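Chain identifiers are assigned alphabetically (A, B, ...) following the order of the sequence lines, protein sequences preceding nucleic acid strands; residue numbering begins at 1 within each chain. Because only heavy atoms are used, hydrogens play no part in the values below, and waters and symmetry mates are left out as well, while side chains stay in. Please read these numbers as outputs of a predicted model, since none were measured by experiment.
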2 protein chains.
Amino acid sequence: MPPRTGVTRDRVVEAAVRVADASGAGALTMRALAEALGVAPMSLYHHVPNKEAILDAAVDAVFAEVDLPVVGAPWRAELRRRAASVRAALVRHPWALALMESRRNPGPATLAHHDAVLGTFRAGGFSLAATAHAYALLDAFVYGFALQEATLAFRDSAGGPGPSGAEGRPDVAAAADGLAEVLGGGAYPHLVEFVGQHALQPGYSFAASFEVGLDLVLDGLERLRARGAG
Amino acid sequence: MPPRTGVTRDRVVEAAVRVADASGAGALTMRALAEALGVAPMSLYHHVPNKEAILDAAVDAVFAEVDLPVVGAPWRAELRRRAASVRAALVRHPWALALMESRRNPGPATLAHHDAVLGTFRAGGFSLAATAHAYALLDAFVYGFALQEATLAFRDSAGGPGPSGAEGRPDVAAAADGLAEVLGGGAYPHLVEFVGQHALQPGYSFAASFEVGLDLVLDGLERLRARGAG
DNA sequence: CCATGTTACCTTACTAAGTAAGCCGTACTT
DNA sequence: AAGTACGGCTTACTTAGTAAGGTAACATGG
């Protein structure tokens with residue numbers, strides 16, 4: 001059914017991102033990918049050496065979506081924007097984070113990304129040593145936050161019109177119930193307080209902590225920079 | 001050759017951790033696990049419903065290794081110790097982080113862990129809202145840092161008297177060579193500067209950034225706490 | 001204009017992994 | 001002593017990655 005307009009490496013990667021977005025990383029099989037392209041499974045191997053290469057390229061495609069900081073512009077604003085952009089990309093493509101961890105071969109977009117960030121730090125007055133610490137801290141925060149969001153996320157079904165078996169269930173409720181059993185006993189009092197009095201309250205949003213944390217991190221970087229320069 | 005002393009659920013989990021530690025998450029198959037226990041693959045299913053449950057339990061086992069903060073003791077020192085302990089556990093069990101992301105059922109050790117951290121924040125004077133932001137930031141940093149370490153996967157020291165098997169291979173050199181090809185062209189100048197002038201320099205250690213980042217984060221938490229209280 | 005090669009795709013089949021189904025011996029209960 | 005439940009075994013089905021090799025359409029050079 002799909003285009004059939006001839007498969008290319010780029011089309012394979014594009015389809016891989018689409019399939020993973022729609023149905024999760026688990027659904028990203030060579031067969032599913034082939035079907036999405038209207039082609040037999042083994043045909044993919046004429047454009048890509050193996051699945052690993054597809055995953056490498058898919059991760060790089062996600063990096064390519066990130067809004068790069070402008071080297072030389074005020075570092076704090078640039079890196080703030082880029083941090084939000086990275087997080088947004090990882091929210092759009094929740095499967096990417098898990099893959100990044102296992103990828104060993106950075107693609108061109110990934111390298112360009114690192115280069116821009118490093119350049120922004122350096123142009124902003126960070127020493128090499130300070131840049132190392134700063135980059136480690138900033139990305140630890142961004143990736144770690146995204147990791148937590150991914151862990152909290154119950155989105156296992158994504159509303160694609162897939163022909164796969166029905167999967168939509170009250171997962172949230174189920175999880176909450178599951179916890180309720182355990183929590184009832186009086187163990188974990190602080191957890192109960194936190195969940196009951198805060199996390200399950202109407203206005204609560206985990207995502208709101210991103211801005212707060214990011215600003216604290218950027219404050220820390222500024223002090224690190226000042227310290228290094230002094 | 002293994003014990004053969006009768007399989008139990010705990011033995012299965014213990015063996016799962018051992019296998020994953022020794023050969024990575026990819027090597028953790030039901031068949032490999034069965035062999036490690038001197039048993040046929042299907043025998044495992046008499047003690048565990050499925051592989052998912054084993055992974056859930058393995059993750060919980062890692063949490064069980066973490067040095068919990070003492071609720072009521074000075075929060076900064078307690079949470080500093082706990083952060084280092086979490087990182088150490090994730091370095092000992094590099095496969096755990098990837099699993100955590102996909103686990104949906106926290107075990108008792110995991111719940112106790114969260115409870116202790118939340119309690120430490122609360123007893124330290126953090127409001128519920130501040131606790132939410134603080135916990136998100138702190139764990140984003142810890143997990144994100146561990147994620148980066150896993151990605152870099154060089155584990156540069158840690159210095160403990162670990163009896164773990166020898167692992168030294170020219171992985172670093174290989175990766176560096178791979179990059180060198182690409183970097184040669186003059187693209188990525190900041191990356192070249194950083195790697196050449198800093199990261200590949202003798203004394204460099206990525207792990208050293210953990211302490212620096214952690215202290216900056218804790219400083220931030222202190223300001224968050226003061227702000228919330230004022 | 002045909003033989004030859006190249007490209008892009010296909011069919012078959014092998015291997016590894018998770019696990020459903022059901023058999024069997026041992027040991028403890030009654 | 002007989003029954004029964006437990007713990008382990010064997011078999012076999014399903015899904016996934018991919019090795020091996022086949023084929024049709026088009027390009028090219030003699």
Problem set entry | Identified salt bridge (charged side-chain N to carboxylate O under 4.0 Å, His left out) partner of A:D56 from the options A:K51, A:R103, A:R9, A:R104 | A:R103
For this session: Kindly say if B:S43 contacts the phosphate of D:dG7, meaning a side-chain N or O under 4.0 Å from OP1 or OP2.
Result: no
Exercise. Using a cut-off of 4.0 Å on non-hydrogen atoms, how would the nucleic acid contact of B:T29 be classed: base, sugar-phosphate, or nothing?
Worked result: sugar-phosphate
Exercise. For B:K51 and C:dA16, what is the distance between atoms NZ and P respectively, to the nearest whole Å?
Worked result: 15 Å
Problem set entry | side-chain contact (heavy atoms from CB on, under 4.5 Å) between B:F141 and A:V217, worked out | CA-CA 10 Å; B:F141 172 70; A:V217 166; over 6 Å; no
For this session: Starting from C1' on D:dG21, measure out to OH on A:Y45 and report it in whole angstrom.
Result: 16 Å
Problem set entry | Electrostatic pair B:D67:B:R82 at N-O distance under 4.0 angstrom | no
Exercise. Separation of B:M30 atom CE from D:dT15 atom P, in whole Å?
Worked result: 19 Å
For this session: Tell me which nucleotide among C:dT19, C:dC10, D:dG17 gets nearest to the side chain of A:A40.
Result: C:dC10
Exercise. So, B:R80 and B:E211, do they make that salt bridge, N to O below 4.0 Å?
Worked result: yes
Seminar exercise, completed: Taken to the nearest whole Å, CD/A:E35 to P/C:dC9 is 16 Å
Problem set entry | No-H, no-angle donor-acceptor pair, B:H46 side chain to D:dC6 base, under 3.5 Å | no
Exercise. Of the nucleotides C:dA13, C:dC10, C:dT19, which one has an atom closest to the side chain of A:R31?
Worked result: C:dA13
Exercise. Starting at CG of A:L28 and ending at P of D:dT18, how long is that distance when rounded to a whole Å?
Worked result: 12 Å
Exercise. Does B:H47 make a side-chain N or O approach to OP1 or OP2 of D:dC6 shorter than 4.0 Å?
Worked result: no
For this session: Measure the distance from CG on A:L37 to P on C:dA8 and round it to the nearest whole Å.
Result: 14 Å
Problem set entry | Nucleotide nearest B:M42 when distance is taken to its side chain, options D:dA19, D:dT10, D:dG17 | D:dT10
For this session: Examine distances only and state if a side-chain atom of A:E101 and a backbone atom of B:L147 form a donor-acceptor pair shorter than 3.5 Å.
Result: no
Exercise. Out of D:dT10, C:dC10, C:dC9, which nucleotide sits closest to the side chain of A:V7?
Worked result: C:dC9
For this session: Could you check how far CZ of A:R11 sits from P of C:dA8, rounded to whole Å?
Result: 13 Å
Exercise. In whole angstrom, what separates A:E52's CD from D:dT18's P?
Worked result: 8 Å
